[in-house]
Amino acid sequence: DDTFTEVRKQTRNSDGTIKLRNRNIERMDQDFLYHLALGSGSHDLEEMFGDVKFVCMGGTPNRMENFAHFIMNEIGYKLPAGTMLQDISAYSYRYSMYKVGPVLCVSHGMGTPSICILMHEMIKLMHHAKCQDPIFIRIGTCGGIGVEGGTVIITENALDGQLRNSHEFTILGKVVHRPAKLDKKLARELKALASPDDPYDTIIGKTLCTNDFYEGQGRLDGAFCDFSEADKMEYLQKLADNGVVNIEMESTIFAALTYHAGIKAAVVCVALLNRLNGDQVNSPKEVMNEWQTRPQILVARYIRKVLAQK
Ligand code: R2B
Ligand code: URA
């Protein structure tokens with residue numbers, strides 16, 4: 001879209017490297033990415049990360065480590081002899097990061113504040129490392145609305161708790177909205193990689209992003225609940241009527257910050273349950289673990305396709 005093209009002009013050098021929308025950074029003699037335990041003064045970030053093309057993020061360290069091993073096999077990447085996959089950000093004790101050739105796999109924790117801090121530092125990392133046109137993909141879990149557990153959902157549009165297609169920031173005490181736009185073309189490309197042989201559905205739809213898992217997602221099973229089951233169902237029905245197919249907790253900030261940085265981005269989640277049938281996430285562990293590989297499989301197909309075009 002036109003505004004994205006405009007944003008890209010402001011945020012790209014001619015070689016595809018990222019120009020930050022913050023002049024303060026270039027005036028600093030070094031920039032410490034505190035929550036990643038990396039710094040532009042202490043590490044050769046270009047040497048370490050300059051070849052990164054895909055930044056894949058997901059909630060838990062464990063899932064991202066599994067994804068790193070999986071993608072290594074999928075793209076046929078061999079670690080340098082005698083080395084093992086290592087958590088690059090281990091000493092941050094906050095996020096985990098694994099690098100598999102052009103793919104960076106990072107955990108983002110739960111909810112907006114956690115992923116927001118990470119996004120600032122990842123975008124600066126991409127800038128310092130002079131990565132060219134990196135793509136960001138969130139690989140997550142969600143609650144489905146009218147969608148069975150195990151279904152893969154690609155976000156077409158991220159909406160906040162008030163169904164606005166933007167993310168609300170409070171900066172210097174003032175409310176600022178930034179558009180929560182994702183790359184529609186990338187979403188369609190991902191959808192096209194779903195196979196009719198996959199034993200599950202892969203769909204595109206709108207995603208609601210909330211600041212809480214319980215009351216914020218209309219659950220009846222939190223420590224508190226001041227609404228009735230009828231209120232809850234009315235709300236979920238309203239979401240469905242607006243084209244919302246899933247609920248999670250990071251999509252609007254992820255979309256808003258990638259868009260603001262002119263970075264192509266997508267959100268691919270697997271539903272852990274159908275919220276129209278209940279609130280508890282209680283499918284067997286093995287079943288849910290298998291479900292969580294499904295977005296990874298789709299993203300791996302995409303990464304392989306892009307790498308094969310080079
Ligand atoms: C999905 O799952 C988490 C909550 O259980 C949250 O990070 C999200 O977006
Ligand atoms: N993650 C969420 O945010 N909500 C759910 O219902 C399941 C996973």
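Being a predicted model, the structure only gives us computed values, none of them experimental. Just so you know, ligand 1 is whichever comes first in the structure, and atom 1 is the first atom listed for that ligand. Residue indices begin at 1 and follow the sequence shown.
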Would you tell me whether Asp31 and Ser40 have side-chain atoms, one donor and one acceptor, within less than 3.5 Å of each other? no
Does CD in Glu290 sit with more than 12 non-hydrogen atoms of other residues, nucleotides or ligands closer than 6.0 Å? yes
Under 4.0 Å from one or more heavy atoms of Met110, ligand 1 contributes atoms 4 (C), 7 (O)
Taking atom types as modelled, is there a side-chain donor on Glu248 or Ser251 under 3.5 Å from an acceptor on the other? yes
Does only the side chain of Arg138 get under 4.0 Å from ligand 1, or the backbone, or both, or neither? Count heavy atoms. side chain
To which protein heavy atom is atom 1 (C) of ligand 1 closest, and what is the distance rounded to 0.1 Å? Thr141 O, 3.1 Å
Considering only the protein, which heavy-atom contact is closest to atom 9 (O) of ligand 1, and what is its distance? Glu250 OE1, 2.4 Å
Donor on one side chain, acceptor on other, Asn66 and Arg63, under 3.5 Å: no
Atom 3 (O) of ligand 2 has as its nearest protein heavy atom Gln217 NE2, 2.9 Å
Thr17 side chain to Asp15 side chain, donor-acceptor N/O pair below 3.5 angstrom: yes
Atom 6 (O) of ligand 2 [closest protein heavy-atom partner, distance rounded to 0.1 Å]: Arg219 NH2, 2.6 Å
Of all the atoms in ligand 1, which lie at a distance below 4.0 Å from a heavy atom belonging to Phe213? 4 (C), 5 (O)
